[in-house]
Amino acid sequence: MDTPLLSANSTSSNSSTSGDTDESPPNSFRYNFLDLSFKILGTPISCSQSYKSLAVLSGHVGSVSCLALCGEFILSASQGKDIIVWQQPDLRQFTKFGQGDGSVKALVTAGNRVFTAHQDSRIRVWKVSRSSENVFRLIDALPTTKDYLGKFMKQSNYVQTRRHHKRLWIEHADSISCLTLSNGLIYSGSWDKTLKVWRMSDFKCLESIKAHDDAINALIAHNGIVYSASADGKIKAWTKEANNKMHSLKAILEGHKDISLNSVVVSEDGSFVYGGGSDGYIMGWLYNNIDSSKSICDTKAHKMAVLCMCVMGDFLCSGSADKSICVWKRGVNGELFRHMVIKGHEGPVKCLQGLKMRVGGGFMLYSGSLDKSVRVWWVPSYGSSEAITEK
């Protein structure tokens, strides 16, 4: 199939602009697929209801933990410290970068900056520049040395992290599991149960919030509200008023009893919030009634834990420990209808990232798995969807 032009836009909810005027990747967050036939695996796209497997990207020595889009690049990270950069549209390996101890847990991008969260409890900041021989260059690590020097002499800046052990409040005491960006701020969630807020302009830590009673597994920001999902079975919504320097708790969304919430997403219009649980359910709440935690969705989505989710327009995609990906069509009241099930991974699906296509009636879906691979799928938006009644 000859496709003269396909153009695409990244709509990652974790992406924002940093205001940095330095050179950013060409056509940052926008690029054209030129003369792309989608025959990478010998299965050209046709006008059917079925998804298509376009590519299997191999190269990681460990489980793939997170994905992000950065201009013309797809970034994938794993249990090793290396982050692999894949170049669109031919999906070839462009380069690798990485530094630190332990696995990379999260990736987010903002203009020509990449932020990575690590098991060694630090955030690293990378500058992307095509004019440099080192396209992805490390420029700082959070907390910064300046932040440390400004606080380590004061005893009041130390907090008890466990018995007979103290740390500066700007430090995470355990692995950083997730990142999100909003309004010039970086938010980091950790297994230490805290949510920390960093200023993007100078990387200074502004705030540390004792957010949950157990590990924070996921973060997402939408319209000035930051949602945190935790192993304590709750999603919490945090806001910062214009006249207030500190964030405040806006609402608590309760999941099922004795489960962990591993993922959280928000519909593009901000009306609905969804959480993915360790019991295989996707739970949803209506945003307008968030203060009363009104449930609008309680769907048995997978046989095993829901590990990740992403939203693409009216579609929600969920990845699971059962090795499958489910694509759901959202109804007008927030209910979910199963659109299709995608199979191909040989291990649990740990991360998902979508990319809208301007033509073609569908979207691209990237998935990372504990089978050490990244897979690329074409998901059509046409076709019927079915309601799931299993409880």
Side-chain angles (χ1 to χ4, degrees), residues 12 14 40-43 50-69 74-86 91 93 96 98 102-107 116-119 175-179 191 215 217-218 229 231 259-265 275-282 299-310 312 316-328 338-355 363-379:
S12 172
N14 285 335
I40 300 171
L41 290 183
T43 54
S50 177
Y51 65 88
K52 294 296 180 184
S53 177
L54 304 181
V56 180
L57 309 182
S58 302
H60 285 292
V61 296
S63 304
V64 179
S65 55
C66 46
L67 296 167
L69 296 173
I74 306 166
L75 311 181
S76 60
S78 75
Q79 300 292 345
K81 68 179 182 181
D82 285 339
I83 298 163
I84 297 181
V85 182
W86 312 90
L91 300 172
Q93 185 172 313
K96 289 184 180 182
S103 60
V104 180
K105 296 293 187 181
L107 284 168
T116 59
H118 297 253
Q119 193 171 350
S175 296
I176 300 173
S177 55
C178 45
L179 296 171
W191 292 350
N217 293 324
I259 62 112
S260 169
L261 285 172
N262 300 322
S263 181
V264 57
V265 293
S278 57
D279 57 357
Y281 277 79
I282 297 176
T299 303
K300 180 63 174 176
H302 292 272
K303 295 178 181 179
M304 299 175 70
V306 178
L307 300 179
C308 54
M309 296 188 295
C310 72
M312 294 300 299
L316 184 153
C317 304
S318 59
S320 171
D322 66 12
K323 308 178 186 180
S324 73
I325 301 166
C326 281
V327 181
W328 307 87
R338 188 165 58 194
H339 187 61
M340 62 181 61
V341 179
I342 297 174
K343 295 184 178 180
H345 277 295
E346 297 177 0
V349 180
K350 188 66 175 64
C351 46
L352 293 170
Q353 179 72 58
L355 182 68
F363 58 90
M364 300 277 282
L365 185 65
Y366 307 88
S367 58
S369 168
L370 271 62
D371 65 12
K372 306 178 184 180
S373 74
V374 175
R375 287 181 177 256
V376 187
W377 316 89
W378 167 259
V379 181

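Computed from heavy atoms alone, side chains included, the values below leave out hydrogens, waters and symmetry copies.
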Does any part of the side chain of [Y], heavy atoms only, come nearer than 4.5 Å to the side chain of [X], both counted from C-beta?
| X | Y | result |
| --- | --- | --- |
| Y51 | V327 | no |
| I74 | L69 | yes |
| V379 | I342 | yes |
| K323 | K343 | no |
| C326 | V306 | no |
| I325 | W377 | yes |
| S367 | L352 | yes |
| Y281 | K300 | yes |

Over all atoms of both residues, closest heavy-atom pair of [X] and [Y]:
| X | Y | answer |
| --- | --- | --- |
| G277 | N262 | C-ND2, 4.1 Å |
| S324 | V341 | CB-CG1, 4.1 Å |
| A106 | S177 | CB-O, 3.9 Å |
| L91 | A55 | CD1-CB, 3.6 Å |
| V265 | M309 | CG1-O, 3.6 Å |
| S76 | L67 | CB-CD2, 3.5 Å |

Original post:
Step by step, would you call C317 with F363 a side-chain contact (heavy atoms from CB on, under 4.5 Å)?
Top reply: CA-CA 11 Å; C317 304; F363 58 90; 3.8 Å; yes

Original post:
Excluding sequence neighbours, so at least two apart, what forms side chain to side chain donor-acceptor pair (under 3.5 Å) with S320?
Top reply: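 Listed in chain order: D322.
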
Original post:
Who are the side-chain contact (heavy atoms from CB on, under 4.5 Å) partners of S63, not counting sequence neighbours?
Top reply: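 By the side-chain contact (heavy atoms from CB on, under 4.5 Å) rule, S63 matches Q79, L370.
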
To the closest 0.5 Å, what do you measure between [atom1] ([X]) and [atom2] ([Y])?
| X | Y | atom1 | atom2 | value |
| --- | --- | --- | --- | --- |
| W328 | M340 | CH2 | CE | 12.5 Å |
| K52 | M364 | NZ | CE | 14.5 Å |
| L107 | L75 | CG | CG | 6.0 Å |
| L261 | D279 | CG | CG | 8.5 Å |
| K105 | S175 | NZ | OG | 5.5 Å |

**OP:** Could you walk me through whether T116 and C66 pass side-chain contact (heavy atoms from CB on, under 4.5 Å), step by step?
**Re:** CA-CA 10 Å; T116 59; C66 46; over 6 Å; no

Counting only N and O atoms by type, is there a donor-acceptor contact under 3.5 Å from the side chain of [X] to the main-chain atoms of [Y]?
| X | Y | value |
| --- | --- | --- |
| S260 | S278 | no |
| N217 | A229 | no |
| D82 | G98 | no |
| S369 | P348 | yes |

Original post:
Between S373 and H345, does a side-chain contact (heavy atoms from CB on, under 4.5 Å) hold up when you go through it step by step?
Top reply: CA-CA 8 Å; S373 74; H345 277 295; 3.5 Å; yes

**OP:** With side-chain contact (heavy atoms from CB on, under 4.5 Å) as the test, would you mind laying out the steps for R375 and Y366 before giving the verdict?
**Re:** CA-CA 6 Å; R375 287 181 177 256; Y366 307 88; over 6 Å; no

Subject >> More than 12 heavy atoms from other groups under 6.0 Å of NZ on K350 >> reply: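 12 or below, so no.
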
